[in-house]
Chemist: 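Dropping the structure in here first, questions after.
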Amino acid sequence: MIQATGTHLFTTPLPLEEGELLGNPQVAWAAYGEPSDGKAVVLLHDLAHSHLALGPPEDSAYQPSGWGRALVGTNLALDPAITPVFSPGLLGSPFGSTSPATVNPASGERWGLELPPLTVQDMARAVSATLRARGLIKVRALVGVGLGAHVALRLASLFPDLAEGVVAIGAARALPEGVREKLGLSWQVLRADPDYRDGLYALDAPPRKTMRKLRLDFLKLLCGREFLASMYPAPEAARAALEAEADAFADAFDAVSWASLCSAYAGSDVSDGFSRIRARVLLVTGTSDAMAPVNRVRDTYHLLSAAGVSARFLELPGPGDHAALLQDAERLHGPLSDFLRRC
């Protein structure tokens with residue numbers, strides 16, 4: 001399989017939804033196969049993931065890369081030999097795209113709190129500009145997971161001719177209220193930590209204790225009892241695995257970037273753009289996904305249908321927690337392959 005990575009450097013400022021201009025942003029990307037106009041599928045990552053959908057594996061309990069191995073590969077739903085895949089990093093993600101952790105070209109210092117607030121719409125516009133720069137004026141489909149699904153649906157409403165189809169995995173029109181509130185409090189929780197130092201912490205001395213707690217709380221939303229029981233032989237082993245990942249996350253993920261992304265996700269409701277979507281839409285969720293409960297995804301399906309969108313709703317059988325959605329290639333292969341054949 002042909003694989004490539006790179007970074008798109010903008011030559012003009014990016015207008016942001018809140019009215020500011022983001023000067024000289026950049027978007028990291030990975031490509032699997034040879035993406036070309038009209039044939040590529042755009043794959044959009046979730047909140048704590050990177051654009052490196054297939055890895056490489058990292059020597060850490062927290063794995064931001066490699067999350068797409070059940071989706072992308074030979075004889076999988078997205079086979080790059082048949083359907084080339086382009087995976088851009090979202091604005092705000094601290095793995096190569098412009099984020100609070102990257103350097104502001106104007107000052108030579110990391111952006112930190114100087115980076116303007118970002119929204120899902122800003123992420124979508126940055127992805128669109130990157131696609132155009134790569135010669136991808138039209139794509140076969142947009143496939144997004146969690147936060148990436150919000151970006152995919154926003155892209156489809158902002159640029160109705162961009163894609164033939166949209167696959168939203170583990171996402172409804174907006175997060176449940178309790179989850180929105182929890183993510184929205186990330187700034188407040190961080191500011192209460194003396195190690196946060198008003199966002200001026202050294203990179204080698206982040207607010208680890210608070211970041212560990214924030215990650216552990218979030219993992220409990222992603223990983224329910226059913227999923228953990230399928231992965232670990234005993235509750236003690238599951239608890240130890242979650243704590244190890246939270247420890248590794250606290251060292252790897254920039255605190256301001258996390259709060260910025262959480263704020264964007266918590267504030268996102270993509271339903272206002274449904275009437276402008278022309279692409280087919282497939283909504284996929286699990287039976288016990290706390291990030292996208294079945295009833296909310298079903299309501300989103302009804303809203304899309306009422307807006308005139310050709311939409312389908314799929315509840316995956318088996319373990320239904322958010323973390324389980326990308327674990328089983330067999331569950332995803334049939335529904336996604338069938339949908340993409342129609343795009």
Chemist: Could you walk me through whether L142 and V151 satisfy the side chain to side chain contact (heavy atoms under 4.5 Å, CB included) test, starting with their C-alpha distance in whole Å, then the side-chain angles of each, then the deciding distance to 0.1 Å, before giving a yes or no?
Modeler: CA-CA 9 Å; L142 304 164; V151 176; over 6 Å; no
Chemist: Is a side-chain donor or acceptor of R140 paired with a backbone partner of L340 at a separation under 3.5 angstrom?
Modeler: yes
Chemist: With hydrophobic residues grouped by side-chain heavy-atom distances under 4.5 Å, do Y32 and V143 end up in a single group?
Modeler: yes
Chemist: Between CE of M291 and NE2 of H322, what distance do you get to the nearest 0.5 Å?
Modeler: 5.5 Å
Chemist: Is it true that a side-chain atom of S260 and a backbone atom of G92 form a donor plus acceptor pair closer than 3.5 Å?
Modeler: no
Chemist: For R276, does the CZ atom sit with more than 12 other heavy atoms under 6.0 Å from it, leaving out its own atoms?
Modeler: yes
Chemist: Mark yes or no for whether D37, through its side chain, and K138, through its backbone, hold a donor-acceptor pair below 3.5 Å.
Modeler: yes
Chemist: Check this for me, if you would: do R208 and D251 make a salt bridge, where the nitrogen-to-carboxylate-oxygen distance has to be below 4.0 angstrom?
Modeler: yes
Chemist: Which heavy atom of F10 sits nearest a heavy atom of A126, and at what distance?
Modeler: CZ-O, 3.8 Å
Chemist: Determine whether L54 and F95 fall in the same hydrophobic cluster, where Ile, Leu, Val, Met, Phe, Trp and Tyr are linked whenever their side-chain heavy atoms lie under 4.5 Å apart.
Modeler: no
Chemist: Once you round to the nearest 0.5 Å, how far does CG of D299 lie from CG of L283?
Modeler: 11.0 Å
Chemist: Tell me if a side-chain donor or acceptor on W258 pairs with a main-chain N or O of A48 at a distance below 3.5 Å.
Modeler: no
Chemist: What heavy-atom pair brings D289 and G170 nearest, and what distance separates the two atoms?
Modeler: OD2-CA, 3.6 Å
Chemist: For residues T285 and A292, report the shortest heavy-atom separation together with the two atoms involved.
Modeler: OG1-O, 2.7 Å
Chemist: Considering only NZ, NE, NH1 and NH2 on the basic side and carboxylate oxygens on the acidic side, decide whether R239 and E236 come within less than 4.0 Å.
Modeler: no
Chemist: Is it the case that atom CD in E181 sees more than 12 heavy atoms from other parts of the structure closer than 6.0 Å?
Modeler: no
Chemist: Any side-chain to backbone donor/acceptor pair from D338 onto G334? Under 3.5 Å, distance only.
Modeler: no
Chemist: Looking at D161, I'd like to know if its CG atom is crowded, meaning that more than 12 non-hydrogen atoms belonging to other residues, nucleotides or ligands lie closer than 6.0 Å.
Modeler: yes
Chemist: Tell me the closest heavy-atom pair linking V179 and A290, and the distance in Å.
Modeler: CG2-O, 3.8 Å
Chemist: Kindly work out whether a path of hydrophobic side-chain contacts (I/L/V/M/F/W/Y, heavy atoms less than 4.5 Å apart) joins V297 to L325.
Modeler: no
Chemist: For the backbone of G96 and the side chain of Q26, can you confirm whether one donor and one acceptor N or O come within less than 3.5 Å of each other?
Modeler: yes
Chemist: Roughly how far, to the nearest 0.5 Å, is CG of L52 from CD of Q63?
Modeler: 11.5 Å
Chemist: Determine whether the side chains of S65 and E58 contain a donor N or O and an acceptor N or O closer than 3.5 Å.
Modeler: yes
Chemist: Does the pair L155 and L44 meet the rule for a side chain to side chain contact (heavy atoms under 4.5 Å, CB included), with working shown?
Modeler: CA-CA 11 Å; L155 270 165; L44 299 159; 4.1 Å; yes
Chemist: Can L22 be reached from L113 by stepping across I, L, V, M, F, W or Y side chains whose heavy atoms are under 4.5 Å apart?
Modeler: yes
Chemist: What distance do R154 atom CZ and H150 atom NE2 have between them, rounded to the nearest 0.5 Å?
Modeler: 9.5 Å
Chemist: NE2/H51 to OG/S87 distance, rounded to the nearest 0.5 angstrom?
Modeler: 7.0 Å
Chemist: How close do D254 and Y201 get, heavy atom to heavy atom, and via which atoms?
Modeler: OD1-OH, 2.6 Å
Chemist: Hydrophobic clustering (ILVMFWY, side-chain heavy atoms < 4.5 Å, transitive) - are V166 and F313 grouped together?
Modeler: yes
Chemist: When the aromatic ring centroids of Y232 and F227 are compared, is their separation below 6.0 Å?
Modeler: no
Chemist: Given 3.5 Å as the limit, does a donor-acceptor pair link the side chain of T300 with the main chain of R173, or not?
Modeler: yes
Chemist: Has the side chain of S157 got a donor or acceptor atom that lies under 3.5 Å from a matching backbone atom of I277?
Modeler: no
Chemist: Hey, is the main chain of L200 close enough, under 3.5 Å, to the side chain of D198 for a donor-acceptor pair?
Modeler: no
Chemist: Whether the side chain of D122 engages the backbone of L16 through a donor-acceptor N/O pair (distance < 3.5 Å, no angle test) should be reported.
Modeler: no
Chemist: What pair of heavy atoms forms the shortest contact from L90 to H45, and how long is it?
Modeler: N-NE2, 3.0 Å
Chemist: Evaluate F339 against V167 for side chain to side chain contact (heavy atoms under 4.5 Å, CB included), listing each step before the verdict.
Modeler: CA-CA 9 Å; F339 178 80; V167 180; 3.6 Å; yes
Chemist: Nearest 0.5 Å, what's the CE-CZ distance between M211 and F253?
Modeler: 7.0 Å
Chemist: Give a yes-or-no answer on whether the side chains of S128 and R132 include a donor-acceptor pair shorter than 3.5 Å.
Modeler: yes
